[in-house]
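Reading through the structure tokens given below for one structure.
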Amino acid sequence: MKLRDVPSACPRLWRSLRVPPAELRLDLVLSSGQTFRWWESSPGAWTGVLEGRVWTLRQERDRLWYTVYEEEEEDGDACPEKDGDGCPTGAAEPDSAEMERILRDYFQLDVGLPALYRAWGAADPRFRKVAKDFPGVRVLRQDPVECLLSFICTSNNHISRITAMIERLCCAFGRRLCHLNARPIHAFPSLSALTGADAEARLRALGFGYRAKFVSGSARAIAEGLGAEGLCQLRAAPYAEARRVLCTLPGVGTKVADCVCLMALDKAEAVPVDTHVWRIAQQRYGAVLGGRSLTPRAHQEIGDFFRGLWGPHAGWAQAVLFCADLRKGQEPRSRGRAKGCRGQDSHRDGAP
DNA sequence: ACAATACCTCGTGT
DNA sequence: AACACGAGGTATT
């Protein structure tokens with residue numbers, strides 16, 4: 001199948017919904033390390049997998065455009081009829097009401113961002129200053145299993161490598177959904193795909209290092225315990241309870257648990273504290289918290305500090321600052337965060 | 001409770 | 001060219 005870049009080429013295959021820019025900045029949200037499965041397939045177009053389907057998204061002024069690719073047959077080289085414009089026909093067009101529901105849920109569009117920005121800015125001048133250049137940064141509502149297993153991979157790691165690892169994970173263990181410009185696109189693996197006896201060894205072969213045991217171990221623990229549904233039901237549990245349960249899983253500590261709570265389990269108050277946030281808390285906010293290292297107590301105190309500052313959506317506010325910091329570190333070539341911080345400049349184009 | 005260390009790999013930087 | 005360093009942490013002393 002061919003990648004779709006712009007609605008004008010095949011208007012019939014695209015739909016849109018009204019989303020003001022202040023509510024969403026697609027590029028910032030999809031490239032800021034919340035999720036590792038979207039790539040900029042061509043300038044302004046973002047392609048990825050959501051709810052078992054392959055999508056391309058594009059934002060233009062007040063509209064979010066989307067198109068969903070049809071699933072391919074197993075072996076047939078999927079060559080549907082073409083109409084006069086060379087656009088595929090025949091394939092059932094996706095139910096746009098359902099597609100729109102999925103997008104609204106994923107981007108949590110019912111949460112009004114401008115009002116939150118105003119409140120955070122009123123409480124925190126530093127936020128106001130930084131956020132001015134980064135509107136539209138929101139927290140995604142991700143699949144809990146994908147979010148959990150993905151963030152287990154983030155420990156002692158950097159984004160470019162995490163992205164590559166997740167890609168290999170999906171390629172090796174995930175169901176193939178279709179080809180886009182000859183490139184196979186895979187779903188995120190199901191729990192059961194990762195519970196085989198050889199899963200750990202295979203993950204190691206894929207370069208997961210010591211995380212191989214954590215990923216396979218947590219997949220197994222969930223499969224044999226809560227189940228994917230049980231994990232999802234933690235959305236209805238209190239933050240502390242969800243966090244406690246997550247921390248029992250191998251490879252899941254306070255940081256990863258908070259990431260999952262925030263990005264998959266509806267805990268808007270969860271503030272994932274990493275070395276990065278810790279540094280910001282100390283330098284920028286002059287907070288005197290914890291000791292000289294990131295102990296569990298320090299995690300708690302720093303989280304409480306930001307919750308006290310920003311309120312019940314503290315995790316969302318932190319996502320804005322994190323995103324801003326990530327971008328700031330990329331633009332000036334001169335100094336600052338010089339290391340491997342070019343983050344997700346994964347220019348994975350369509351065809352080789 | 002806190003501090004120190006090992007843990008896999010793979011970019012970078014000397 | 002070989003080698004050290006450390007990166008969105010976690011588990012174990």
Side-chain angles (χ1 to χ4, degrees), chain A residues 28-37 137 139-140 142 147-169 172 199-218 221 243-264 270-283 288-303 306 315 318-330 333 335-347:
Chain A
L28 293 181
V29 171
L30 296 183
S31 74
S32 62
Q34 283 189 52
T35 169
F36 305 97
R37 296 229 58 207
V137 177
V139 171
L140 263 13
Q142 303 186 55
C147 188
L148 171 68
L149 300 182
S150 295
F151 275 89
I152 286 175
C153 299
T154 65
S155 84
N156 205 2
N157 208 346
H158 40 261
I159 292 181
S160 55
R161 184 175 164 223
I162 298 164
T163 306
M165 284 165 59
I166 302 294
E167 171 69 24
R168 293 196 293 273
L169 172 74
E200 180 185 342
R202 291 174 65 195
L203 288 166
R204 271 194 179 270
L206 293 177
F208 276 60
Y210 62 85
R211 303 169 198 82
K213 187 196 295 262
F214 292 157
V215 170
S216 58
S218 278
R243 193 179 202 260
R244 186 188 61 71
V245 171
L246 290 172
C247 284
T248 65
L249 298 167
V252 180
T254 51
K255 158 65 166 51
V256 170
D258 276 333
C259 285
V260 178
C261 279
L262 175 66
M263 302 177 201
V271 179
V273 177
D274 52 33
T275 55
H276 202 204
V277 172
W278 185 50
R279 186 174 54 75
I280 289 175
Q282 299 202 128
Q283 295 181 353
V288 281
L289 304 162
R292 278 278 178 241
S293 66
L294 224 38
T295 64
R297 191 169 69 90
H299 270 90
Q300 186 64 43
E301 287 184 5
I302 294 167
F306 283 118
Q318 194 249 75
V320 177
L321 292 197
F322 183 85
C323 179
D325 207 68
L326 197 59
R327 307 291 283 213
K328 287 270 161 77
Q330 291 176 210
R333 310 281 266 162
R335 51 157 226 286
R337 309 162 30 69
K339 293 291 158 46
C341 286
R342 68 210 168 301
Q344 43 281 92
D345 50 354
S346 44
H347 298 299

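Please read all numbers here as calculations on a predicted model, not as lab measurements. Letters A, B, ... are given to chains in the order of the sequence lines, protein chains preceding strands, and every chain is numbered from 1.
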Check: Roughly, in whole Å, what's the span from NE2 in A/His299 to C1' in B/dA1?
Finding: 15 Å
Notebook entry, point to check: Think A/Ser293 has a side-chain N or O under 4.0 angstrom from the OP1 or OP2 of B/dA3?
Noted result: yes
Next item on the list: Assess whether one donor atom and one acceptor atom, taken from the side chain of A/Arg211 and the base of B/dC8, lie less than 3.5 Å apart.
Entry: yes
Notebook entry, point to check: Which nucleotide in the set C/dT10, B/dT9, B/dA3 lies at the smallest distance from any side-chain heavy atom of A/Thr295?
Noted result: B/dA3
Next item on the list: Kindly give the heavy-atom pair with the smallest separation between A/Tyr210 and A/Ser155, and that separation in Å.
Entry: OH-OG, 3.2 Å
Next item on the list: Name the closest nucleotide to the A/Arg161 side chain, picking from C/dG9, C/dT10, B/dC10.
Entry: B/dC10
Next item on the list: Write down the distance between NZ (A/Lys213) and P (B/dT9), rounded to a whole number of angstrom.
Entry: 13 Å
Next item on the list: State, to 0.1 Å, how close A/Phe208 and A/Cys153 come at their nearest heavy-atom pair, and which atoms those are.
Entry: CE2-SG, 3.5 Å
Item checked: Rounded distance in Å between the P positions of B/dC10 and C/dA11 -> 23 Å
Check: If every non-hydrogen atom of A/Ile152 is compared with every non-hydrogen atom of A/Gly251, which pair is closest and at what distance?
Finding: CG1-O, 4.1 Å
Next item on the list: Scan A/Val252 against the nucleic acid and name what it touches under 4.0 Å (heavy atoms): base, sugar-phosphate only, or nothing.
Entry: sugar-phosphate
Margin query: Could you tell me how far C/dT13 sits from B/dC8 if I compare only their P atoms? Round to whole Å.
Written below: 14 Å
Next item on the list: Quote, to the nearest angstrom, the P distance that separates C/dA4 from B/dA6.
Entry: 14 Å
Notebook entry, point to check: Nearest to the side chain of A/Asp274, which nucleotide is it out of C/dT10, C/dG8, B/dC8?
Noted result: C/dG8
Check: If you look at every strand shown and take non-hydrogen atoms under 4.0 Å, does A/Pro250 touch a base, only sugar-phosphate, or nothing?
Finding: sugar-phosphate
Check: With both distances kept under 3.5 Å, what pairs with B/dA4, Watson-Crick or G-U wobble?
Finding: C/dT12
Note to self: My understanding is that a pair needs two contacts under 3.5 Å, Watson-Crick or G-U wobble. By that rule, which nucleotide pairs with B/dG11?
What the structure shows: none
Note to self: Is there a side-chain contact between A/Thr275 and the phosphate of C/dG9, meaning an N or O under 4.0 Å from OP1 or OP2?
What the structure shows: yes
Notebook entry, point to check: Whole-Å distance between C/dA7 C1' and A/Leu326 CG?
Noted result: 13 Å
Check: Given the P atoms of C/dC5 and B/dT5, what is the spacing between them in whole Å?
Finding: 14 Å
Next item on the list: Choose from C/dG8, C/dT10, B/dC7 the nucleotide whose nearest atom is closest to any side-chain atom of A/Phe322.
Entry: C/dG8
Notebook entry, point to check: Taking the same atom, P, in B/dT9 and in C/dA1, what whole-Å distance lies between them?
Noted result: 24 Å
Next item on the list: State which of C/dG9, B/dA3, C/dG8 makes the closest approach to the side chain of A/Ile159.
Entry: C/dG8
Item checked: Nearest-Å distance for atom pair CZ/P, residues A/Phe208 and B/dC10 -> 11 Å
Checklist line | Distance, rounded to the nearest Å, where A/Ile166 contributes CD1 and B/dC10 contributes P | finding: 15 Å
Next item on the list: For A/Gly253, report the nucleic acid contact type (base, sugar-phosphate, nothing); a contact means any heavy atom under 4.0 Å.
Entry: sugar-phosphate
Next item on the list: Give the minimum heavy-atom separation between A/Arg327 and A/Ser31, together with the two atoms involved.
Entry: NH1-OG, 3.1 Å
Margin query: With rounding to the closest Å, how many angstrom separate the P atoms on C/dG8 and B/dA3?
Written below: 23 Å
Check: Between A/Pro250 and A/Gly217, what is the shortest heavy-atom contact and its length?
Finding: CG-C, 3.7 Å
Note to self: Hydrogens and angles aside, do A/Arg202 and A/Ser216 bring a side-chain donor and acceptor to less than 3.5 Å of each other?
What the structure shows: no
Notebook entry, point to check: Is C/dG8 syn or is it anti, if syn means the base angle is within 90 degrees of 0?
Noted result: anti
Notebook entry, point to check: How is A/Leu249 classified with respect to the nucleic acid when contacts are heavy atoms under 4.0 Å: base, sugar-phosphate, or nothing?
Noted result: sugar-phosphate
Checklist line | Between P of C/dA7 and CG of A/Asn157, the distance in whole Å | finding: 11 Å
Notebook entry, point to check: Between A/Asn156 and A/Gly251, which is nearer to the 5' end of DNA chain C once each is assigned its nearest nucleotide?
Noted result: A/Asn156
Check: For the pair made of CD in A/Gln300 and C1' in B/dC2, what is the distance, rounded to whole Å?
Finding: 17 Å
Note to self: When the P atoms of B/dG11 and C/dT10 are compared, how many Å lie between them, rounded to an integer?
What the structure shows: 23 Å
Check: Which heavy-atom pair separates A/Val252 from A/Ser218 by the least distance, and what is that distance?
Finding: CG2-OG, 4.2 Å
Margin query: Measure CG/A/Leu294 against C1'/C/dA11 and give the value in whole Å, please.
Written below: 15 Å
Next item on the list: Compare the minimum distances between each of B/dA3, C/dT10, C/dG8 and the side chain of A/His158, then state the nucleotide with the smallest one.
Entry: C/dG8
